[in-house]
Novice: 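My questions will all concern the structure given below.
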Amino acid sequence: RDPAAIERAAAAARQWPGVDAVQADLQWYRRLIAGGNAIAMPMLALAALTLALVFLALTAAAAAQVELRRDEMDLLTLIGARRAFIVRPYAYAAALTLALAAVLALALATITLATTEPTLAGLAQTSGEPFRWRAVPAWALVLAVLLATLFGGLVGTLTLRRRIGRGHRS
């Protein structure tokens, strides 16, 4: 991201034997960096909005489950079931739902990248540059699915505990 580094690399390349000229367009480089920075902020905002929507959807789904099965939960409470026993199946369902969503999102992203790579590679070749998407390490993909699973379980557990803790209907 440092234009001086580009200039130093161009100066070093000029010293190589057999090199007649090296062209380094720093203005174009600055425009490219500015464009990348301009895109990064809206993408970050979109990611935060998506996370908030997922949180709200999980919370609403968990709350709806409590209301739909209020009689069942009241009966379980009457026969002595602890809150953790009542909450556990719903927390597992929320965790598995978000895990499945994460797997599907990663699969869709992989398909999208695979289909756009030839087009971007052709565009890059017009400027004489090779192009290839860097593969995301498998551990990062597994970590993303695990974090989504934990997030789903946590949201499901907290939402249900709060809803169940509000007491019985009259």
Side-chain angles (χ1 to χ4, degrees), residues 1-2 29-124 129-170:
R1 293 192 176 241
D2 180 22
Y29 177 76
R30 286 186 183 107
R31 287 184 194 140
L32 184 64
I33 294 299
N37 290 339
I39 290 173
M41 279 301 147
M43 293 303 285
L44 186 59
L46 181 63
L49 180 63
T50 302
L51 184 62
L53 288 174
V54 166
F55 176 79
L56 291 174
L58 278 175
T59 302
Q65 283 297 316
V66 169
E67 295 306 317
L68 285 173
R69 297 188 175 196
R70 175 61 74 180
D71 294 334
E72 178 184 339
M73 291 181 194
D74 288 345
L75 178 64
L76 286 169
T77 303
L78 284 174
I79 62 172
R82 295 181 188 256
R83 191 187 309 184
F85 180 80
I86 297 169
V87 168
R88 192 174 298 125
Y90 301 105
Y92 289 164
L96 290 175
T97 299
L98 209 54
L100 178 62
V103 168
L104 290 175
L106 290 172
L108 182 62
T110 301
I111 291 168
T112 302
L113 292 176
T115 56
T116 58
E117 184 175 8
T119 304
L120 292 174
L123 180 64
E129 293 294 321
F131 177 82
R132 183 146 175 84
W133 287 116
R134 285 188 295 170
V136 178
W139 65 266
L141 299 176
V142 171
L143 181 64
V145 172
L146 286 175
L147 288 175
T149 304
L150 290 173
F151 180 71
L154 181 66
V155 169
T157 300
L158 294 177
T159 301
L160 285 162
R161 283 181 183 244
R162 190 183 57 148
R163 289 284 179 161
I164 291 171
R166 288 186 177 170
H168 301 288
R169 282 190 310 203
S170 51

Novice: For the atom pair CG (Leu46) and CD1 (Ile39), what is the distance rounded to the nearest 0.5 Å?
Specialist: 13.0 Å
Novice: List the atom of Arg83, the atom of Arg161, and the distance in Å for their closest heavy-atom pair.
Specialist: NH1-O, 3.4 Å
Novice: So Leu141 and Val145, do their side chains get closer than 4.5 Å, heavy atoms only?
Specialist: no
Novice: Of all heavy-atom pairs between Ala148 and Leu98, which one has the smallest distance, and what is that distance?
Specialist: O-CD2, 3.1 Å
Novice: Could you report the tightest heavy-atom contact between Thr149 and Ala99, atom names first, then the distance?
Specialist: OG1-CB, 3.0 Å
Novice: If every non-hydrogen atom of Leu160 is compared with every non-hydrogen atom of Ala91, which pair is closest and at what distance?
Specialist: CD1-N, 4.1 Å
Novice: Rounded to the nearest 0.5 Å, what separates atom CD in Glu72 from atom CG in Leu76?
Specialist: 5.5 Å
Novice: Output the distance between atom CG (Leu56) and atom CG (Leu49), rounded to the nearest 0.5 Å.
Specialist: 9.5 Å
Novice: Got a donor-acceptor contact below 3.5 angstrom from the Thr159 side chain to the Gly156 backbone?
Specialist: no
Novice: Kindly compute the distance separating OG1 (Thr157) from OH (Tyr92), expressed to the nearest 0.5 Å.
Specialist: 9.0 Å
Novice: Which pair of non-hydrogen atoms, one from Ala93 and one from Thr97, has the smallest distance, and what is that distance?
Specialist: O-OG1, 2.7 Å
